[in-house]
Protein chains: 2
Amino acid sequence: MTTIEDVAKLTGYSRATVSRVINNYPYVSEEKRRKVLQAMEQLGYVPNSIARQLRTRINETIGVLIPRLSNPFFSKLVDSMESIAAENGFQVIVCQTRSEKSRELLYLNWLKTRQMGGVIMASSENDWDVIKEYRAFGPIIFCNEYPPHTEAPIICLDQHKGGYIGTKHLIERGHTKIAHCYAGSQFTNIRERFTGQKQALEECGLELREEWIFKDAYDTQDGRRIYYEMMALENRPDGVFTSSDEVALGILAEARKNHTKVPEELAVLGFDDQPIAELVYPSISTVHQPVEKMGKAAIELMISLLKGEREPRQQVIELPLHLVIREST
Amino acid sequence: MTTIEDVAKLTGYSRATVSRVINNYPYVSEEKRRKVLQAMEQLGYVPNSIARQLRTRINETIGVLIPRLSNPFFSKLVDSMESIAAENGFQVIVCQTRSEKSRELLYLNWLKTRQMGGVIMASSENDWDVIKEYRAFGPIIFCNEYPPHTEAPIICLDQHKGGYIGTKHLIERGHTKIAHCYAGSQFTNIRERFTGQKQALEECGLELREEWIFKDAYDTQDGRRIYYEMMALENRPDGVFTSSDEVALGILAEARKNHTKVPEELAVLGFDDQPIAELVYPSISTVHQPVEKMGKAAIELMISLLKGEREPRQQVIELPLHLVIREST
DNA sequence: AATAACTTTGAAAACGATTTCACTAATGGT
DNA sequence: ACCATTAGTGAAATCGTTTTCAAAGTTATT
């Protein structure tokens, strides 16, 4: 492996001079610069980023914490983040917490060990009091989901509005008994979809029965289960606000199998607006989340924090959601 | 930030002794070990992995090259890899080449700069002659796709068989005019699906017309386009072997819209067996790829290479494919 | 002509760990 | 009682960079 020393030896100059050329410092004579560059070329020299990181304490890897990559919402999010990171010479490390507190902490620990320079939390299981201790080792920002009392930069979506406009739409279509599905922690901001739904219902004088609230709604399989749970009820809902397009898809698959008429007997509203939403039959009405924009905003903020162009300060950047009406409602 | 020096000072021992405790070396008295551990705890000391990497030359980050993460096949693949990597204390860096040669090289260059210890190529655009130069900087293995003449460990699937059994199935269902879709490079092993299809057709005395071969079939949008291209033909195919479930989905979406009877008028065979394949209507017959197993095998091999437990040698580990019959054929 | 202000350079000190080496102390086998 | 081995320890070298510092050379300013 060739080092800066080899380049120095070949040219006859010092390591310092070579380093100055590499880093484009001023105060290097044109002749030396030329010769150094030529020697680097000749030797196929490339700086060792590990040594550089040790000396400069600048770390250009960003950890992105998500529940799992096979969830399309998150793979899309990481996709958009990685694209921009790479453009800027930054690296993205995938950290799948599988929604486990302990795994989340394990990854945060990589901040301590300097394996990553900063962390973007796109899901969060631990309380802010626990997470905040890690800030000492690098910037932490939240993207999409965050726990209460978070004092850190936050990029998120207006979940309350999502719950509100979705429910309002179901009501306008004539549905009155509207179920709610939620996934994961009840304690993060995602929960505001629920308050949004409640507000919409209250404004129209409709009730939300306890038995119409379904938890642990993560994926298609959960959607299938929830379909049967709904159908088993004495007082069945005639509309359902789901926590993701996948849950909606699971419900719709079972509805078709059991000849439940959609949307007449059961209107199903998705969340996310994933590509499949418009491809399946019936296509899924859903709340569109601007995933790409959110990822872009988060990674750009992180990059400027790592470059030291900005100080992390508590701020909430909220991106808009909108409704996409298709066949399932 | 606390360093090993701080721990040494607090305990009164040397850095060497502290290092021995950290790395569980023998030849440290029980008493000192205890005291060092206690001091580490007290100071909240965590070793700096950058410094460690510089000295030991052991790099525990693995780059995974894929076209894009939002393709479910690849997000699933990276998912399975990351899970096992994390268990072993390794990190996974996502590298989205977007199927561009130049981006692939950019990422491979991170091997030179020591930003990653090894590379798993799950897609490959460049020729082996170009890629092989990078082996000097760390192990490179191929997973799923590889260029001709590759002399490196390869984990892959029996693509030829995939093409063969898929086509055989379509023929058995009574279809005789079977189109083929392919994505990406014509020069990697993925292309063997085509030879598999040809073999099956030849065995049954069927022809494959030039106009039935569709290229650039990556996603749903391409599927839609291909549907119309097929329907525009004088001599329409009555079955199509697609390059992925997503392409199949695109074709099926347009078929429904245009009242083309599936599978009678047009049988559609997917590839991958993604979760959506069984959820949509009609559900998609497809060739199941054991993505998880493949990812596991690749990452485990890479980890043992990086640990120095094995030498990289040219070998091909081929995992089996099988057919899943549903409604679209 | 003297002084100030830049340019240009290399030696050496970081960065924070691991590892080699030399040394001493303790133990075991004869 | 001797030698050989094993345990236990710390000083110093090392990994490959960047950066500080001092010094020397050059140009500009008075």
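Within every chain, numbering begins at 1; the chains are lettered A, B, ... in the order of the sequence lines, protein sequences first and strands thereafter.
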- Query: Within this structure, what is the CD-to-P distance between Q53(B) and dC15(D), rounded to whole angstrom?
  - Reply: 17 Å

- Let me know the distance between CG of N24(A) and P of dT19(D), rounded to the nearest Å. 13 Å

- Message: Tell me whether E41(B) at atom CD has more than 12 heavy atoms from other residues, nucleotides or ligands lying less than 6.0 Å away.
- Response: no

- What integer distance in Å separates E30(B):CD from dA7(D):P? 14 Å

- Report the C-alpha distance between T113(B) and R52(A) in whole Å, list the side-chain angles of each, state the deciding distance to 0.1 Å, and finish with yes or no for side chain to side chain donor-acceptor pair (under 3.5 Å). CA-CA 10 Å; T113(B) 59; R52(A) 196 201 289 252; over 6 Å; no

- Measure from OH on Y13(A) to P on dA11(C) and round the result to the nearest Å. 14 Å

- Task: For Y27(B) and dA22(C), give me the distance from atom OH to atom P, rounded to whole Å.
- Result: 18 Å

- Evaluation steps, side chain to side chain donor-acceptor pair (under 3.5 Å), between E82(B) and Q96(A): CA-CA 7 Å; E82(B) 197 277 336; Q96(A) 299 188 103; 3.1 Å; yes

- Item | Bend angle of the helix from dA1(C)-dT30(D) to dT30(C)-dA1(D), end axes from five pairs each (to 10°) | 40°

- Item | Protein-nucleotide distance (R114(B), atom CZ; dC15(D), atom C1'), rounded to Å | 12 Å

- Query: Any side-chain N or O of S29(B) under 4.0 Å from OP1/OP2 of dT9(D)?
  - Reply: yes

- side-chain contact (heavy atoms from CB on, under 4.5 Å) partner of I299(A), chosen from I84(A), V78(A), L77(A): I84(A)

- Message: Does the protein touch nucleotides 13-20 of chain C at the base, only the backbone, or not at all? Give it as B, S and - per nucleotide, heavy atoms under 4.0 Å.
- Response: BBBBBBBB

- Task: To the nearest 0.5 Å, tell me how far R135(B) CZ sits from I140(B) CD1.
- Result: 7.5 Å

- Within a radius of less than 6.0 Å around CD of E311(B), do more than 12 heavy atoms belonging to other residues, nucleotides or ligands occur? no

- Message: To check you understand the geometry: which heavy-atom pair defines the closest contact between S124(B) and I131(B), and what is its length?
- Response: CB-CD1, 4.4 Å

- Task: Look at atom NZ of K296(B) and say whether more than 12 heavy atoms of other residues, nucleotides or ligands are closer to it than 6.0 Å.
- Result: no

